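Working notes, structure below.
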Amino acid sequence: MTNDTYDAIIVGAGFAGIYQVYSLAKLGLNCLVIDAAGNVGGTWYSNLYPGAMSDTPSSVYRFSWDKDDLMTYPWEEGYVKQPEVLAYLNHVVDKHDLRKYMRFNTEMTAAHWQDSDQMWHLTVNGSDKIIAKYVITGLGLLSRTNLPDIPGIDTFEGDMYHTAKWPQGYDVTGKKAGVIGCGSTGVQVITDIGCKVKQLDCYQRHPQYTVPSGDKKVTLEERKFLNDNWDSIWHLVRHSITAFGFEESKQSYHDASPEERERVFQEAWDIGCGFRFMFGTFNDIATDMEANKGAQDFIRKQIDTIVKDPKKAEKLKPHDVYARRPLCDGNASNGQKYFEQFNRENVDVVDLKETPIERIEAKGIQTADGKLHEHDLLIFATGFDAVEGNYTRLAIHGRDGMSLKEYWDDLGPTSYLGSFVPKFPNFFLISGPKGPFTNMPPSIEVQVEFITDAIRDAEKSGVRLIEPTEEAERQYSELCDQLAENSLFWKAEDNWIFGANIPGKKRCLRFFFGGMEAFLDKLEEVKKNGYTGFKPFTQDHAAPT
Ligand code: NA7
């Protein structure tokens, strides 16, 4: 594979790469998808940890563009688990004969733009070269792992895994496990393994507001309802804030009586789903402190009711603002939910604010109270160098040799419309910085569709380069800031959404908080007006003669 030339190289074979190659191949472009992994799946190829599942309802955690598939492809439960998502993505690839475009175990290690031939020159696996007119990356928002540098980590004698690097088939039965990190992933792992391991200590730095998922078998009636209503379901997805497929609340918390508030929260708790609890109850939970406090109080009360040991309950109760990515529980094989795990004798929570980890020893974890917690398995559910992490680690160089990392050093990770960066012509990011903060597959779909339309229109009109202006990027960034201005998420900014979970990362907003409908409106406005914000199709942007 030396100096192969393609119209388009697509990097990543997850949701994004699959839809992108499907779309560009339909335009007749000569495409290649490369992925460092051994097969299709992206995030879902590598996240094999126990309990891994999507926390979006199954019906809308899939592609919307194959109606026949929506009608016929089976799924059994309200939420898709990792093996099912992986099987689904493989099914889509095979059904549409996309595998012929894909090369696995092929990692893009560098990409250089050359003005002389107006092409991207990629290095893969360290030495092989590929040349392409367009490069479209779907590297994943959450795929570069964060492994904390805890003193003594190398001295541990047991097994130790980050959740996103979990070895296939690893059995936790009978282990004395420690889970470090109690975010989305930690909650799922803990819920799943509580009844399987001998002992489980959950090292929690920050208790989180998590609500039940409401996962259950999908009945024939429910499936029939979905099949009868796909068009309106996807319409709702694209014309909502969260793209989760439920009716978001239009009612303010302030307009409801105390009884009604209680009823609405209880109903949402019983139905399940974190995003539904935050956005389906009242329309101001994420923007108004009193409404937010109402939701907080309700969840704390549930924890007090569920967790029998008041000391454990106290540690598990969050007291800060409810304004991180809303979580919901995993789904234990014995039906127990997250907080119920802590009623088991073998499951404990270690409050790291009270007793921080001092060091990792050969036999376990030493906390500041002098206690050695013995373990033969440590699970790091410590999250990711999110959003730009997978870009800044690569040598991606645009005009004048500037790297994407250098470009973002000053500005912070940014883009025009979540996908386009000035000085990086014909280089597109699916779910780049400042993309929509929503359910991922629909967000990926609208970005892929915009990129595909832009390429199609450029090809048709002989335009050689698709590149945004710096001014358009600046204005779009300002729009993102304005849209997030009233969000309470700023008050809980010490997390990955703002880049605050990794030392040294620039603290700033990494998403478009206006919701799916507003994002889509923005894309449509740009397109309708002849791709506003992109460099005009002037002489230096025309095809070289
Ligand atoms: P998250 O949401 O970043 O959660 C990581 C958790 O790990 C979080 O609770 C962190 O505590 C904790 N953490 C990180 N470093 C440490 C150290 N050094 N010690 C103790 N605890 C630590 O990642 P997830 O994988 O759970 O979820 C990411 C997204 O994936 C999620 O939002 C979904 O979109 C899917 P903190 O809260 O920062 O105090």
Side-chain angles (χ1 to χ4, degrees), residues 14-15 42-44 46-47 49 51-56 61 79 82 85 140-153 161-166 178-191 201-210 213 242-244 273-275 278 315-316 318-330 338 349-360 365 367-368 373 378-387 389 431 435-441 443-444 489 492-503 505 507 510-511:
F15 268 98
T43 293
W44 298 101
S46 52
N47 276 271
Y49 63 86
M53 69 177 222
S54 159
D55 61 7
T56 303
Y61 201 77
Y79 291 80
Q82 178 275 333
V85 186
L141 274 179
L142 297 152
S143 43
R144 187 180 182 189
T145 54
N146 169 39
L147 195 63
D149 189 16
I150 301 175
I153 192 165
Y161 304 111
H162 189 281
T163 48
K165 298 202 167 153
W166 192 263
V179 173
I180 301 166
C182 302
S184 286
T185 305
V187 164
Q188 291 183 355
V189 174
I190 291 162
T191 310
D201 290 336
C202 307
Y203 295 88
Q204 172 199 267
R205 200 165 63 179
H206 215 115
Q208 293 234 36
Y209 296 94
T210 174
S213 65
T242 60
F244 265 65
C273 178
F275 274 78
M278 188 179 272
K315 289 180 188 171
L316 289 163
H319 288 278
D320 54 353
V321 61
Y322 173 39
R324 291 175 162 212
R325 186 184 178 282
L327 307 193
C328 64
D329 299 359
Y338 178 65
V349 52
V350 181
D351 180 348
L352 295 182
K353 294 225 169 83
E354 244 171 46
T355 51
I357 293 175
E358 274 207 332
R359 55 183 296 106
I360 296 180
I365 291 184
T367 42
H373 302 253
L378 291 183
I379 302 174
F380 286 88
T382 41
F384 300 90
D385 180 350
V387 187
S431 305
F437 186 69
T438 63
N439 176 23
M440 286 307 291
S443 149
I444 286 169
F489 275 59
E493 63 162 303
D494 56 342
N495 66 84
W496 63 267
I497 293 172
F498 297 93
N501 64 329
I502 305 281
K505 277 183 83 163
R507 287 196 175 207
R510 277 161 173 74
F511 288 93

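What you see is a predicted model; the values in this text were computed from it and never measured. Read the numbers this way: they start at 1 and go in the same order the structure lists the ligands and their atoms.
When only non-hydrogen protein atoms are considered, atom 18 (N) of ligand 1 lies nearest to P148 CB, 3.3 Å. Closest to atom 23 (O) of ligand 1, if we only count protein heavy atoms, is G383 CA, 3.3 Å. Of the protein's non-hydrogen atoms, the one nearest atom 29 (C) of ligand 1 is L142 CD1, 3.6 Å. Of the protein's heavy atoms, I180 CG2, 3.9 Å lies nearest to atom 19 (N) of ligand 1.
Of all atoms in ligand 1, numbered sequentially from 1 with element shown, those under 4.0 Å from a heavy atom of L352 are 20 (C). Short contacts between ligand 1 and R324, defined as distances under 4.0 Å to a heavy atom of the residue, involve ligand atoms 37 (O). Within ligand 1, counting atoms from 1 as listed, the ones closer than 4.0 Å to a heavy atom of A381 are 5 (C), 6 (C), 7 (O). Near G181, meaning under 4.0 Å from any of its heavy atoms, are these atoms of ligand 1: 6 (C), 7 (O), 12 (C). Close approach to G183 involves these atoms of ligand 1, each under 4.0 Å from a residue heavy atom: 4 (O), 6 (C), 9 (O), 26 (O). Atoms of ligand 1 found under 4.0 Å from any heavy atom of T185, numbered from 1 in the order shown, are 24 (P), 25 (O), 26 (O), 27 (O).
The backbone N or O of K353 sits nowhere less than 3.5 Å from a side-chain atom of H206 that would complete a donor-acceptor pair.
Taking 4.5 Å as the limit, every side-chain heavy atom of N47 sits out of range of all side-chain heavy atoms of T185.
Taking both residues in full, the closest heavy atoms of L141 and S431 are given as CD2-O, 3.5 Å, listed atom of the first, atom of the second, then distance.
Where the criterion is an N or O separation shorter than 3.5 Å, residue side chain and backbone included, R205 meets it with respect to ligand 1. Polar contact with ligand 1: absent for Q208 (N/O pair, distance under 3.5 Å). Annotation: R325 places an N or O atom under 3.5 Å from an N or O atom of ligand 1; distance criterion only.
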key: side chain to side chain contact (heavy atoms under 4.5 Å, CB included) between T163 and F380, worked out   = CA-CA 6 Å; T163 48; F380 286 88; over 6 Å; no
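Of the heavy atoms in F384, only side-chain atoms (C-beta onward) come closer than 4.0 Å to ligand 1.
Atom 27 (O) of ligand 1 has its nearest heavy-atom neighbour, among S184, C182, A492, in S184.
By the 30° and 60° cut-offs, the orientation of the rings of F15 relative to Y61 is perpendicular.
Rounding to the nearest 0.5 Å places CZ of R325 at 9.5 Å from CZ of F489. Interatomic distance, D385 CG to L147 CG, rounded to the nearest 0.5 Å: 12.5 Å. Taking CE from M278 and OH from Y209, the interatomic distance works out to 10.0 Å, rounded to the nearest 0.5 Å.
Checked for salt-bridge contact, D494 and R205 miss the test: no charged N lies under 4.0 Å from a carboxylate O.
In this structure, W496 has a heavy atom closer than 4.0 Å to ligand 1.
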